[in-house]
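By convention in this document, chain letters (A, B, ...) are assigned in the order of the sequence lines, proteins followed by strands, and residues within each chain are numbered from 1.
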Amino acid sequence: MTRNRLTERFAALAAEDRAAFVAYIMAGDPDIGVSSEILAKLPAAGADIIELGMPFSDPMAEGPTIQRAAQRSLAAKTRMADVLAMVAAFRKQDDATPIVLMGYLNPVLFHGFEAFAAKAAAAGVDGLIIVDCPPEEADPLADALDAVGVSLIRLAAPTTDDARLPAVVRRTSGFVYYVSVAGVTGVKEAVSANVAQPVQRLRAASGLPVAVGFGIRTPEKAAEVARLADGVVVGSALVDEIEGALNSGSNENVTERVLSKAAELAKAVRLARVRDA
Amino acid sequence: MNAPSKPNDWSAFPDAQGRFGDYGGRYVAETLMPLVLELDRAYEAAKADPAFQGELNGFLKHYVGRPNPLYFAERLTAHIGGAKIYFKREELNHTGAHKINNCMGQILLAMRMGKTRIIAETGAGQHGVASATVCARFGLPCVVYMGAVDVERQKPNVFRMNLLGAEVRPVTSGAGTLKDAMNEAMRDWVTNVEDTYYMIGTAAGPHPYPAMVRDFQSVIGLEIRQQILEAEGRLPDALVACVGGGSNAIGTFHPFLADEGVKIFGVEASGHGLETDKHAASLTGGKPGVLHGNKTYLLQDDDGQILDAHSISAGLDYPGIGPEHSWLHDVGRAKYLTCTDAEALEAFTLCAKLEGIIPALESAHAIAKLPEVAKEVGKDGIIVMTLSGRGDKDVGTVADALGMSI
């Protein structure tokens, strides 16, 4: 069995009594070169776990920010092989930071579940989040991922009721991703008061760490959620920095802006429970 | 891959998971999954409720204008010189197309579920107009997502929707056409889970939509059955219908699936030609994949990205197809032909001149393949073609294509 970097990382953070800062970027945004550089430097900026978006032509669960990131990536001719090569290159310098690929089912299905799982595992991918693959449809993919020791991470939502919960957490590993708002990424803001209870319910049902995402943009919000959950996912706010740098028209460094935002968020997550004490 | 074997009971599909063979299913985000399951339960209950069916039939009769005629197209029959050709006149429905059959069913269901806001996607605007129409009739607010490119090329329909009180939201993401409008409608749905009902316009999407839309459109095939028995004393030898998402086609075909003697032909839009990258023939030129909640044939590139479709007919301009068609194609129960923009234009003008009926460009794709089907069923054969919509909306497009100005 391959080692599970997700389990190791969450265990280490639990020992430090702090939540994971999970940073999302889209692979290939604005191109493979720049996004590889960002990826390489995210751990030093404080990312405990990295979610790497796989671009898709029809990202139905994304707000405008990540839709545009996917369009930039595809316009730069990013292919699935490039995304996996990015991870493989990262693994040569960092064998501890977990990488989770996040995206949509069709590109994975296109390459074949077994073939994709084998390549992802070989590249050093630790988990997969497939937005449009609910538990009812997930068994063929879960079989392929189980065989190579890659986690299939499930999403739970505010609409997930108690009746569905057992199905949602069945065959999941690594962590559970709680979608904190009914909506698309990066638009509505999470309300911390509405997060605490679902996180506890998910922890109890799954026995796994729970990361929260889909509505966390600011260091303040990240800190609030870090007091309640095992991980805090920020995506659109980081991708906004890429877009802002690209649109600024100056020679402003895209990488620097993203990393500085990531460092700010990471610090807020790290200090969240310290201030509490 | 060997074709799967034909089932003994065609009406047993989809199964409880919403599968037609390998196709269909429910590929939606977890946030939507409980809503899709709730819709499934609500639809099953409504289907079994005589009061719901009675109410729907009443509106279909008095508001939509059903049953519409089955018309013997005598001059077109003589022109083609083969089998007897009948048109099922869906273009005579209120709003001018088959789309309203489905919208009437879905709005009654939405109200039964206590939903207070309707969203819809539209390409050419026909489903948008039908949605706006039923929302006006029952006093519900209606938001229609429409690709920005389509908003530009279908201005009269945008105006009609506005007149009917609907809000049309142009979608600029992606290529700004039907698939992007559908993405945006799903984003709205996932954001407004409490009060909103998503009225999908074709027999695609997550289960139960493909089965539900098929059921609401099956009124077409059920009427054909009765009308052709009255006119000819027997069932037709062939059915023909155009296929984009495929709702008029599946509504025509489904009541005849068990009648082995009835050949079934769908017609896909091959745009500038199958050999180009400008067509909309998902079955003939695509591969199975997952989009918009279902597994089905899709136009995609060599890395699993969805391609933009092209057809002169905005209603066929979609890179996917309803999952039941994918299955009927694989098991061989239906045969899918293709028709180019140029062939459709020719059929459009031919039908206008010979029959005094200006067909929708979508329906013109089916008309264009009648000679081929006539040859297949022989001189004594009977063909029923569903004339899914009227072509008033298309006169601008056709004039442009023929190099004329209006």
Could you name the residues of residues 184-201 of chain B that have a heavy atom within less than 4.5 Å of a heavy atom in chain A? B:E184, B:M186, B:R187, B:V190, B:T191, B:V193
When A:A157, A:C133, A:P107, A:P134 are compared by non-hydrogen pairs under 4.5 Å with chain B, the top option: A:P134
Contact origin within A:V187 toward chain B - heavy atom pairs under 4.5 Å: neither
Rounded distance [0.5 Å steps], CG in B:N183 versus CG in A:D58: 4.5 Å
Residue by residue, which of residues 26-35 of chain B have a heavy atom closer than 4.5 Å to a heavy atom belonging to chain A? B:R26, B:Y27, B:V28, B:A29, B:E30, B:T31, B:M33, B:P34, B:L35
Between CG of B:D301 and CZ of A:F110, what distance do you get to the nearest 0.5 Å? 6.5 Å
CE of A:M60 to CE of B:M182, rounded to nearest 0.5 Å, is 9.0 Å
Under 4.5 Å from any heavy atom of chain B, what part of A:I130 do you find: side chain, backbone, both or neither? neither
Are there residues of residues 283-291 of chain B whose heavy atoms fall under 4.5 Å of chain A's heavy atoms? If so, which? B:K287, B:G289, B:V290, B:L291
Working to the nearest 0.5 angstrom, can you tell me the gap between A:N106 CG and B:I306 CD1? 4.5 Å
Where is the tightest heavy-atom contact between A:Q67 and B:S173, given as atom of each residue plus distance? OE1-CB, 3.3 Å
Please name the pair of heavy atoms, one in B:D303 and one in A:H111, separated by the smallest distance, quoted to 0.1 Å. OD1-NE2, 2.8 Å
Given heavy-atom pairs under 4.5 angstrom as the criterion, report whether the side chain, backbone, both or neither of A:R164 touches chain B. side chain
Given a strict heavy-atom distance threshold of 4.5 Å, which part of A:A156 is in contact with chain B: side chain, backbone, both, or neither? backbone
Closest heavy-atom pair, A:S57 versus B:K179, reported as atoms and distance to 0.1 Å, is O-NZ, 4.1 Å
Turns out that what part of A:P59 lies under 4.5 Å from chain B's heavy atoms comes down to both
Sort out for me which of A:D161, A:T160, A:V179 touches chain B most, counting heavy-atom pairs under 4.5 Å. A:T160
Hey, is NZ on A:K188 packed in by over 12 heavy atoms from elsewhere, all under 6.0 Å? yes
Can you check whether anything in residues 190-205 of chain A gets within less than 4.5 Å of chain B, heavy-atom wise, and list it by number? none
Heavy-atom side-chain contact between B:K295 and A:L105 under 4.5 Å: no
Gap between atom CD of B:Q305 and atom CE of A:M80 - 0.5 Å precision: 7.5 Å
